[in-house]
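Worksheet for the structure shown next.
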Protein chains: 2
Amino acid sequence: MSRVNVQRHVPAVYHQIADFLRAEIVRGTYPAGQPMPSERELCERYTVSLTTVRRAVNILREEGLVTSRRGAPSTVRERPIRSTVVMGRGSKLTCRMPTTTERFAMNIERGVPLVEVRDKSGRVEVFLADRVEILNPEGLAGAATRIMDVA
Amino acid sequence: MSRVNVQRHVPAVYHQIADFLRAEIVRGTYPAGQPMPSERELCERYTVSLTTVRRAVNILREEGLVTSRRGAPSTVRERPIRSTVVMGRGSKLTCRMPTTTERFAMNIERGVPLVEVRDKSGRVEVFLADRVEILNPEGLAGAATRIMDVA
DNA sequence: GAGTATTTGTACGTATGTATC
DNA sequence: GGATACATACGTACAAATACT
């Protein structure tokens, strides 16, 4: 039967923790490049299991907010400088997540989408989404080319 | 010291399983919209724990390849029809992952990035990355507007 | 450089909740 | 209602990379 779900649910604990940590990050509690509290510490702070804390942090990694390596504390990701890419006339742009294979091969961090620009001749250029800003120029045309850096 | 890591590692089991399932999906073993094998079934097939299987499937969800709801079997995501969006002169485009909050509010599935187009006046339009294709037109200018549908 | 502690990664197990079929 | 399937949450143990002494 098509019983529409009207119920309002209490978000899962790990969602709540992720939301709280995200707010702290946005607020600047853990500045970019600086370590976050360790998982063990978060377990104690919120009185939850390691699993739950890890799922919370995992959400932030998926969003590209946090990066973590084995052995080192998780850190708030520094937002890379964005290059400006000019999109050529008649070219098409799509955006998608990389496969894990691509992530490892191209050393892409989690939570970073790919931007694919295909020009009229069919040539495809791929960019890391957090490193570029695509500009449709006022003036002249040209293939998608990196021309300048911006803050 | 900067000791460069040269070692080649055996990928984690859940990565291998994810790779295998991804290959099957690409090959068309589980057509779009069709159910994937259940987690319990995958446990038996690969002789691994539920945790490991879930992490594998989780990778595919993160890549936007698979969708899953509670109670129903996971399915290979159907690729939505992409609308063509025309990008206006002087507008800028960026791409990022939505926050979980945004995902729930806007009912966005996992693994789907957002495309943000900001026009010269500063107005921002947001699109689901898997639903659009951004076109830089040959001819006229205009704000980012959805004009037509394509396969 | 060596040794140790810390921290995250991987993998297992179990139980229960909840939506779907 | 019952069976199935995924979601949440607890626990444990060990591996591997890093950081510190």
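Every chain is numbered from 1, with letters handed out A, B, ... down the list of sequences.
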Students should find that the hydrophobic cluster of L60(B), defined by side-chain heavy atoms under 4.5 Å apart, otherwise consists of V13(B), I17(B), F20(B), L21(B), I25(B), Y30(B), M36(B), L42(B), Y46(B), V48(B), V53(B), V57(B), L65(B), V66(B), V76(B)

Closest non-hydrogen contact found for R131(B) with P80(B) is NE-CB, 3.9 Å

Scoring nucleotides 3-10 of chain D by protein non-hydrogen atoms under 4.0 Å (B base, S sugar-phosphate only, - none) yields -BBBBBSB

Expected list for residues 21-34 of chain A near DNA chain D, using heavy atoms below 4.0 Å, is none

Check the side chains of E109(B) and T67(B) for a donor-acceptor pair under 3.5 angstrom, ignoring hydrogens and angles. yes

**Q.** Side-chain touch L50(A)/R40(A), heavy atoms, less than 4.5 angstrom
**A.** no

| field | Test item: side-chain donor near acceptor, R22(A) and T101(B), under 3.5 Å | value | yes

Nearest heavy-atom approach of P98(A) to V112(A) is CD-O, 3.3 Å

Same cluster or not: are V115(B) and M97(B) linked, directly or through other Ile, Leu, Val, Met, Phe, Trp or Tyr residues, by side-chain heavy atoms under 4.5 angstrom apart?
no

